[in-house]
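Notes to accompany the following structure.
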Amino acid sequence: RAVSGAQEVVVGATGPAYLVTADDIDAQLAVEAARGPSRGSAALPRPCVASPETWAEAEALQKRAARPKDYAAFRVTSAALAERALLVNARQLKVRNGRGWNAKTLAKAPVDQVRALTCSPEDSLKLILRLQDVEVSFIAESSQARDVVALVVRAFCPGAKPAPPLGHAPAPPPRAA
């Protein structure tokens, strides 16, 4: 996988299928295959893009959240299946316990303190949000909801680009010709 020119190997993606996640959106994906005793590249890198519906929903939420005091709001659950709300706008990101005005804020950070938003290697719907002081994980309702969350958070939070989660390794050095 290559994001902004930086390549990394997705460790564990050794089977005949690979589940594309939100971390792969806007990345170039390539496959290396082995057949018998010889090895070689099976395909050139191809872009991984979200569906038009996902982009449309993400763009609508970004426009709304760009207005002062408005947020893009997402209903998510914790690993313990407690209801959570993820709110993001051009200034800050919040994670709340439940929904509504009475919900307690569990984590809050200015957008420049958001360090990464990645998909869990164990659960494709689980997102891991790394802030400056805390790490919060939550589960999206669907793969489309996961992708919309990732697109909107990454649009507002410059540091929220995919970071290699556990199970990923940097790309190996280029092979000598």
Side-chain angles (χ1 to χ4, degrees), residues 1-8 10 20-29 47-50 54-80 82-171:
R1 169 177 36 201
V3 180
S4 301
Q7 293 185 3
E8 65 180 25
V10 182
V20 177
T21 69
D23 288 348
D24 299 316
I25 294 174
D26 289 338
Q28 296 282 318
L29 300 178
C48 178
V49 296
T54 300
W55 279 111
E57 186 177 347
E59 287 174 350
L61 286 167
Q62 287 173 29
K63 285 179 186 174
R64 177 175 182 231
R67 297 188 302 238
K69 299 190 180 188
D70 278 346
Y71 286 88
F74 303 97
R75 183 173 52 214
V76 295
T77 57
S78 69
E83 188 174 289
R84 299 274 190 265
L86 174 67
L87 305 145
V88 64
N89 68 13
R91 294 177 296 123
Q92 65 183 347
L93 181 139
K94 297 179 187 180
V95 178
R96 288 192 169 168
N97 187 18
R99 295 172 54 103
W101 293 106
N102 296 337
K104 180 182 176 189
T105 299
L106 302 173
K108 176 178 168 181
V111 294
D112 63 347
Q113 291 182 8
V114 177
R115 298 295 175 233
L117 178 69
T118 58
C119 288
S120 166
E122 295 88 30
D123 181 350
S124 65
L125 295 181
K126 183 177 179 182
L127 291 166
I128 302 164
L129 178 66
R130 292 183 183 102
L131 305 176
Q132 187 168 341
D133 302 344
V134 68
E135 183 174 288
V136 180
S137 61
F138 51 87
I139 301 167
E141 295 176 325
S142 66
S143 59
Q144 182 172 343
R146 173 206 60 210
D147 293 349
V148 170
V149 168
L151 289 169
V152 173
V153 169
R154 290 175 184 156
F156 286 116
C157 305
K161 303 301 180 217
L166 296 174
H168 288 64

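- Note: R84 CZ to I139 CD1 = 10.5 Å, rounded to the nearest 0.5 Å.
- Within the 4.5 Å cutoff, the side chain of F74 has no heavy atoms near those of the L87 side chain.
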Sequence neighbours left out, cut at 3.5 Å: what donor-acceptor pairs do the side chains of residues 58-65 make with other protein atoms?
from: R64; atom 1: NH1; to: Y71; atom 2: O; distance (Å): 3.3

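- Judged purely by atom type and a 3.5 angstrom limit, R146 has no side-chain atom pairing as donor or acceptor with the backbone of C119.
- Counting only heavy atoms from C-beta outward, the side chains of V149 and L86 approach each other to under 4.5 Å.
- Listed by chain and number, the residues in a side chain to side chain contact (heavy atoms under 4.5 Å, CB included) with Q144 are E53, T54, E57, S142, V148 (sequence neighbours excluded).
- A distance of 9.0 Å separates CD1 in I128 from CG in L117, rounded to the nearest 0.5 Å.
- Rounded to the nearest 0.5 angstrom, N97 CG and T105 OG1 are separated by 9.5 Å.
- The shortest non-hydrogen separation linking L125 to S143 is CD2-N, 3.4 Å.
- Take D123 and apply the side-chain hydrogen bond (donor to acceptor under 3.5 Å, both in side chains) test, not counting sequence neighbours, and it matches no residue.
- D70 is linked by a side-chain hydrogen bond (donor to acceptor under 3.5 Å, both in side chains) to R67, counting only residues two or more places apart in sequence or in another chain.
- Between V152 and A72, the closest heavy-atom pair is CG1-CB, 3.8 Å.
- Under the salt bridge (Lys or Arg N to Asp or Glu O under 4.0 Å) criterion, E83 pairs with no residue, sequence neighbours left out.
- Distance check: T118 OG1 to R130 CZ gives 4.0 Å after rounding to the nearest 0.5 Å.
- L129 places a side-chain heavy atom less than 4.5 Å from the side chain of L93.
- Atom NZ in K126 sits 10.0 Å away from atom OG in S78 (nearest 0.5 Å).
- Formation of a donor-acceptor pair under 3.5 Å by the R91 side chain with backbone atoms of V88 is not found in this model.
- Applying the side chain to side chain contact (heavy atoms under 4.5 Å, CB included) test to A103 and every residue at least two apart in sequence or in another chain returns R96.
- The two residues A85 and V76 come nearest to each other via the heavy atoms N-CG2, 4.5 Å.
- Taking CD from E141 and OG1 from T77, the interatomic distance works out to 8.0 Å, rounded to the nearest 0.5 Å.
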